[in-house]
Engineer: 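First, the structure itself, so that you have it in front of you.
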Amino acid sequence: MAAGMTLSGWALIATFVALCVAMAKPIGLWLFALYEGRDTPLSRVLGPVERGFYRLAGVDPSREQNWRQYAVAMLLFQLATALATYALLRLQGVLPLNPRGLPGLSPDLAMNTAISFVTNTNWQAYAGESTLSNLSQMLALVPHNFLSAATGIAVAFALFRGFARRQTQFVGNFWTDMTRITLYLLLPLACVYALVLVAGGVPQTFASSIDATTLEGAHQTLVIGPVASQEAIKMVGTNGGGFFNVNSAHPFENPTALVNFLQMLSIFAIGVGLTWCFGKAVGDTRQGWAVLAAMMILFVAGVSIVYWQEAAGNPLLHHAGLAGANMEGKEVRFGAAASALFATITTAASCGAVNAMHDSFTPLGGLIPMFNIELGEVVVGGVGSGIYGFLLFALLAVFIAGLMVGRTPEYVGKKIEGREVKLAVLAIVVLPLCILGGTALASVLPAGLAGIANKGPHGFSEILYAFTSATGNNGSAFGGISANTPFYNGALAVAMWIGRFFMMVPVLAIAGSLAQKKYTPETTGSFPTTGPLWIGLLVAIILIVGGLTFLPALALGPVAEQMAMLAGTTF
Amino acid sequence: MLTDIAQATRPALVLTGLMFALTGLAYPAAITGIAQIALPYQANGSLVSRDGQVAGSALIGQSFAGDGYFHGRPSAAGKGYDPTQSSGSNLGPTSKALIDRVTGDVKANPGAPVDMLTTSASGLDPHISPEAAEWQAKRVAAARHIAPSKVYALVDNAVEMPLFGFIGEPRVNVLKLNLALDKAVGKGAQSPR
């Protein structure tokens, strides 16, 4: 074993992976009931709420939508919720539950934050404890944690229906999908989980600060609030926006190693469940397991590199006389293993919560989180967005396999033709365009360069990470960058919006196109989309597309910094 | 397309209002109510009191400067352990500022374990490693004019081990250890700096 890594560290990683695989079916079954629109055990209690919502909103739950109607409903809903949050943040100063008298947010910060939460990014240009009142945290931010997650799952459901249905234009009803996912999945999960978090030490109160006198007689102001209710849905919905500036590194958000372990599991919970749900929806659960297998291969590879690098530590510090793991920017209760694992999970999913400061990771330890996002967050991924992003790569993979054997490609019973491949490629190229374009722009504009905290290649990495995180709707950061400026608030808001909806709309278009097709039964000439050959092909396609596009940029940032570090250069 | 937009406007507005009320008000209020009744200690920040005064939170680190107390890790939160400004240093691995800081600290604190000379992620880390506590034990004993063995025993007692052997790291809560220290040998025994 290389320096610093321990058996208990590997036991942690292995246990985590095993539990993820074990969760896939139970959570998948739950999701599948919602996908089909069946009653759940909770319908008895929450059914009247659901029906009341439809009546007030004028929604006919029995009427389905074609993909355009589904997309329009989804986009209008995003717009309405974004405007509500923008207004609440701007008016913070005159609204109640603000005992510390915090003022309203500036227009650019309020806009950035509203878009950040609508898009499931939860980029924190603000510092929670010094910028937001309890009302803003609860009413302006928490609803998005539910609704953006529900929207992601709804779009995934529409895509599943595209694969599963035959010769229809209907892909579901956005209003019922979104409402049912919120009421029957996210809300009950969040309620139970929030109370577990409180039991683990996470505060939950309407008070906003407590004055303490330390043992040495100094004054300390403890910032507190309704943390657990936000923390629970922040994880389950892969949102990632913390109550505090340092997110899940803060002892009030993540007080113990056990809570930390639960947080890591909860980031992946719905994502792995959706892989099983997909297989079930298309009538062959092996399809779902194949997807999960490819994801887990990429995940284990990623976490191994991060753990290896963080446990080995920083040779420059070793040379200065400080041996050991890279503990700068890490908490003692988590150490190298749980910090490396959390960083890989949060970027493989589109969560973006952090329990250690990625900015202070070793160069290669920081490269993997960035690379995870650049692959499109398809390694489990965000709730909904992970699986539909992954299925875009699956379409690309069957297309390439089809070219190799000279047959029309098929996937789970549907012929994949020009329209689907074009739309998939459109969604896939938006990511590099926005990340690399934005990074290039910020690297030459004075307003972009002004935000850098570290000099040398690491400064470039900070910019690259910011645009990667925003476009990928992740929300984690190389936190040294000063992102609360009009330039970054504006540019990153655009990146977040494009990264979210230039992906969702093509996905819905693919769903509409697939739903109209006939079922194509598998023949002996079909390329099998289960089994090791397929899994290997998927992994290769994801790595090649991600690798070829982003390696040049990564070479300028983390790779250059690694070389400099080994050569003993500082900046 | 226009009819699609017209049809979706009312649901978009009404469901925004209803969902914000449900998930932004009712949900946190319900959780707060249950938590305050069932788990008041945790829900209110795991506060630690001494002489009827709030002395801090068991979960949040605080600054200790006197030789008679165990010290926590360097903190980048405000002027040190300021919970209104949680923050890491965010210094990168090739940062000259980081290397210079550590080089100086190593000279001033020979033999210090790695966690004692690196800033935590939150700036509020309540823990240090058992090695870091043992490394400080002699200084604390000398400042308080007590036998080192007594301090080592307190440290041993304060070490928390990983759950099931692999969830978490061995650690010592600095505030709890210092409280135990004061309780065992008396506040007055410590010599001011």
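These values consider heavy atoms only, across backbone and side chains, with no hydrogens, waters or symmetry-generated copies. Just so it is clear: chains get the letters A, B, ... in the order the sequence lines come, proteins before strands, and each one is counted from 1. For clarity, every value in this text was computed on a predicted model and none was experimentally measured.
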Engineer: Does B/Arg139 make a cation-pi contact with B/Tyr69, if we ask for NZ or CZ under 6.0 Å from the ring centre and within 45° of the axis?
Structural biologist: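 No; the conditions do not both hold, so B/Arg139 does not lie above the ring face of B/Tyr69.
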
Engineer: In terms of side-chain geometry, is the basic nitrogen of A/Arg55 or A/Asp60 positioned less than 4.0 Å from the acidic oxygen of its partner?
Structural biologist: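 The answer is no: the pair does not qualify as a salt bridge.
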
Engineer: Establish, yes or no, whether the cationic atom of A/Lys330 lies under 6.0 Å from the six-membered ring centre of A/Phe361 and within 45° of the ring axis.
Structural biologist: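 A/Lys330 over A/Phe361 ring: yes.
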
Engineer: Please set out all donor-acceptor pairs under 3.5 angstrom arising from side-chain atoms of residues 51-64 of chain B, sequence neighbours excluded.
Structural biologist:
| unit_1 | atom_1 | unit_2 | atom_2 | d |
| --- | --- | --- | --- | --- |
| B/Asp51 | OD2 | B/Lys187 | NZ | 2.9 |
| B/Ser57 | OG | B/Gly45 | O | 2.8 |
| B/Ser57 | OG | B/Leu59 | N | 3.0 |
| B/Gln62 | OE1 | A/Leu215 | N | 3.1 |
| B/Gln62 | NE2 | B/Ala55 | O | 2.9 |

Engineer: By a 4.5 Å heavy-atom criterion (distance strictly below it), what part of A/Asn355 contacts chain B: side chain, backbone, both, or neither?
Structural biologist: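 The answer is the backbone of A/Asn355.
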
Engineer: What part of B/Gln85 gets closer than 4.5 Å to chain A, counting heavy atoms only: side chain, backbone, both or neither?
Structural biologist: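 Looking at B/Gln85, just its backbone touches chain A.
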
Engineer: Under 4.5 Å from any heavy atom of chain B, what part of A/Val198 do you find: side chain, backbone, both or neither?
Structural biologist: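 Both parts, backbone and side chain.
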
Engineer: Would you list the pairs meeting side-chain hydrogen bond (donor to acceptor under 3.5 Å, both in side chains) in which at least one residue belongs to residues 560-571 of chain A, sequence neighbours left out?
Structural biologist: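 Those involving residues 560-571 of chain A are A/His458-A/Glu561, A/Glu561-B/Thr94.
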
Engineer: In terms of heavy-atom proximity below 4.5 Å to chain A, should B/Leu179 be classed as side chain, backbone, both, or neither?
Structural biologist: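 For B/Leu179, heavy atoms of backbone and side chain both lie under 4.5 Å from chain A.
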
Engineer: Checking B/Thr32 against chain A: side chain, backbone, both or neither under 4.5 Å from a heavy atom?
Structural biologist: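 Contact with chain A is through both the backbone and side chain of B/Thr32.
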
Engineer: Measuring heavy-atom distances to chain A, does B/Pro74 have an atom under 4.5 Å in its side chain, in its backbone, in both, or in neither?
Structural biologist: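 Neither part; nothing is under 4.5 Å.
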
Engineer: What closest approach, in Å, do B/Pro126 and A/Arg333 show between heavy atoms, and which atom pair accounts for it?
Structural biologist: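 So the two residues come closest at CD-NH1, 3.9 Å.
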
Engineer: Side chain, backbone, both or neither: which part of A/Glu331 has a non-hydrogen atom closer than 4.5 Å to chain B?
Structural biologist: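 When you check distances to chain B, atoms from both the backbone and side chain of A/Glu331 fall under 4.5 Å.
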
Engineer: Identify which part of A/Thr213 has an atom lying under 4.5 Å from any heavy atom of chain B, answering side chain, backbone, both or neither.
Structural biologist: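 Both backbone and side chain.
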
Engineer: A/Asn245 versus chain B, heavy atoms under 4.5 Å apart: side chain, backbone, both or neither?
Structural biologist: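 Backbone plus side chain of A/Asn245, per the 4.5 Å heavy-atom cut-off to chain B.
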
Engineer: Please state whether the side chain, the backbone, both or neither of A/Ala207 comes within less than 4.5 Å of a heavy atom of chain B.
Structural biologist: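 Neither the backbone nor the side chain of A/Ala207 comes within 4.5 Å of chain B.
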
Engineer: At a 4.5 Å cut-off on heavy atoms, which part of B/Ala112 comes close to chain A: side chain, backbone, both, or neither?
Structural biologist: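 When you check distances to chain A, only backbone atoms of B/Ala112 fall under 4.5 Å.
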
Engineer: Considering only heavy atoms, which portion of B/Arg10 lies under 4.5 Å from any heavy atom of chain A: side chain, backbone, both, or neither?
Structural biologist: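 It is both, since atoms from each part get that close.
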
Engineer: Please examine the side chains of B/Ser86 and A/Glu129, heavy atoms only from C-beta on, and report whether any two atoms are closer than 4.5 Å.
Structural biologist: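 Of all side-chain heavy-atom pairs linking B/Ser86 with A/Glu129, at least one is under 4.5 Å.
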
Engineer: Under a 4.5 Å heavy-atom cut-off, does chain A meet the side chain of B/Pro162, its backbone, both or neither?
Structural biologist: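 Neither; nothing under 4.5 Å.
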
Engineer: Less than 4.5 Å to any heavy atom of chain B: does that hold for the side chain of A/Val202, its backbone, both, or neither?
Structural biologist: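 Looking at A/Val202, just its backbone touches chain B.
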
Engineer: Against chain B, label A/Ala218 side chain, backbone, both or neither, depending on which of its atoms sit under 4.5 Å from a heavy atom there.
Structural biologist: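 Neither; nothing under 4.5 Å.
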
